[in-house]
Amino acid sequence: DIQMTQSPSSLSASVGDRVTITCRTSQRISTYLNWYQQKPGKAPKLLIYAASRLQSGVPSRFSGSGSGADFTLTISSLQPEDFAIYFCQQSYSTPTWTFGQGTKVEIK
Amino acid sequence: EVQLVESGGGSVQPGGSLRLSCAASGFTFSNYEMNWVRQAPGKGLEWISYISSSGSSIYYADSVKGRFTISRDNAKDSLYLQMNSLRAEDAAVYYCARVEIVVVTAIRYDAFDLWGQGTMVTVS
């Protein structure tokens, strides 16, 4: 099985900050990596697929990069509505998938 | 409106059974591969089962294999999860999720683009 490790597990940031979250996989997965945002009590929302492609309707302040085993989600200027938990997901082993443990973005 | 709506959650004793349903609307359900994903309280997301658009291909996570059964009825635009021999560790919010497939330079990429609101399962 492909293991996913996100870092940090949580972070505190201010509105306007640039935020970076990292996802590392236990084996190389090319660009088969997705990112989701989850707010309290809500279902996850797809932000980025194929490592760097922005899902329709997602603000351009979100971006993804990486390939192989190291990936990054960047929020260029953190907005109040961005405080949430972010999960990475590998789709290399489709039709089975694995999620990272999540990164909680909190208000400083 | 394009949406997925889960139902069937509730409280059950260890060893008991539940059947979850996921009703799809606003899109052609029979064209889409579907999944169940769960989230234990305060924990991360765990993929547990996949079914192809026709229902002919099915996969399970090891944690539920042999106890849970995924199925679908395309005539009713519905997805199901039959859960047997429930354990305390199965307590979670259960989400159904649609697979979006995008082909980029002849390479298939997939992601879960539509999720239901979730249904809670308690085992105690």
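What you see is a predicted model; the values in this text were computed from it and never measured. Basis for what follows: all heavy atoms, side chains included, without hydrogens, waters or symmetry-related copies. Order of the sequence lines fixes the chain letters, A, B, ..., with proteins taken first and strands second; residue numbering starts at 1 for each chain.
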Single-linkage hydrophobic cluster B:F27~B:L79, side-chain heavy atoms < 4.5 angstrom | yes
I would like to know whether A:T96 and B:W47 meet side-chain contact (heavy atoms from CB on, under 4.5 Å); could you show each step before the answer?
-> CA-CA 8 Å; A:T96 67; B:W47 168 82; 3.6 Å; yes
In Å and rounded to the nearest 0.5 Å, what is the OG1 to CD distance from A:T98 to B:E46?
-> 10.0 Å
Kindly give the heavy-atom pair with the smallest separation between A:A43 and B:G116, and that separation in Å.
-> CB-O, 3.1 Å
Using a cut-off of 6.0 Å, state whether more than 12 heavy atoms not belonging to B:E89 lie near its atom CD.
-> yes
Proximity breakdown for A:S56 and chain B, heavy-atom pairs closer than 4.5 Å | neither
Under a single-linkage definition using a 4.5 Å side-chain heavy-atom cutoff for Ile, Leu, Val, Met, Phe, Trp and Tyr, are B:L20 and B:V37 assigned to the same hydrophobic cluster?
-> no
Count the heavy atoms belonging to other residues, nucleotides or ligands that lie under 6.0 Å from CZ of B:R67, then report whether that count exceeds 12.
-> yes
Geometric class of the A:W97/B:F112 ring pair [parallel <30°, tilted 30-60°, perpendicular >60°] | perpendicular
Starting at CG of B:L45, measure out to CD of A:Q101 and round the result to the nearest 0.5 Å.
-> 11.0 Å
Give a yes or no on whether A:R28 atom CZ has more than 12 heavy-atom contacts from other residues, nucleotides or ligands under 6.0 Å away.
-> no
Below 4.5 Å from any heavy atom of chain A, which atoms of B:V93 appear? Answer side chain, backbone, both or neither.
-> neither
Could you give the distance from OH (B:Y109) to OG1 (A:T94), rounded to the nearest 0.5 Å?
-> 11.5 Å
With a 4.5 angstrom heavy-atom cut-off, which part of B:E33 approaches chain A: side chain, backbone, both or neither?
-> neither
Near B:Y60 OH, under 6.0 Å, is it more than 12 heavy atoms from other residues, nucleotides or ligands?
-> yes
When rounded to the nearest 0.5 angstrom, what distance separates NZ in A:K42 from OH in B:Y95?
-> 10.0 Å
Is the number of heavy atoms from other residues, nucleotides or ligands under 6.0 Å of A:Y92 OH greater than 12?
-> no
A:Y32 vs B:I107 side-chain heavy atoms within contact, under 4.5 Å = yes
Is there a path of hydrophobic side-chain contacts, each under 4.5 Å between heavy atoms of I, L, V, M, F, W or Y residues, that connects A:L54 with A:L73?
-> yes
Can you tell which part of B:L114 gets under 4.5 Å to a heavy atom of chain A, answering side chain, backbone, both or neither?
-> neither
Going through the distances and angles, do B:E100 and A:Q55 end up as a side-chain contact (heavy atoms from CB on, under 4.5 Å)?
-> CA-CA 11 Å; B:E100 176 188 57; A:Q55 176 70 353; 3.3 Å; yes
What are the two closest heavy atoms between B:G44 and A:F87, and how far apart are they?
-> CA-CE2, 3.7 Å
Residue A:Y36 versus chain B: region with a heavy atom under 4.5 Å | side chain
Crowding at CG, A:D70 (>12 non-hydrogen neighbours, <6.0 Å) = yes
Group every Ile, Leu, Val, Met, Phe, Trp and Tyr by side-chain heavy-atom contacts under 4.5 Å, then state whether A:F71 and A:V105 land in the same group.
-> yes
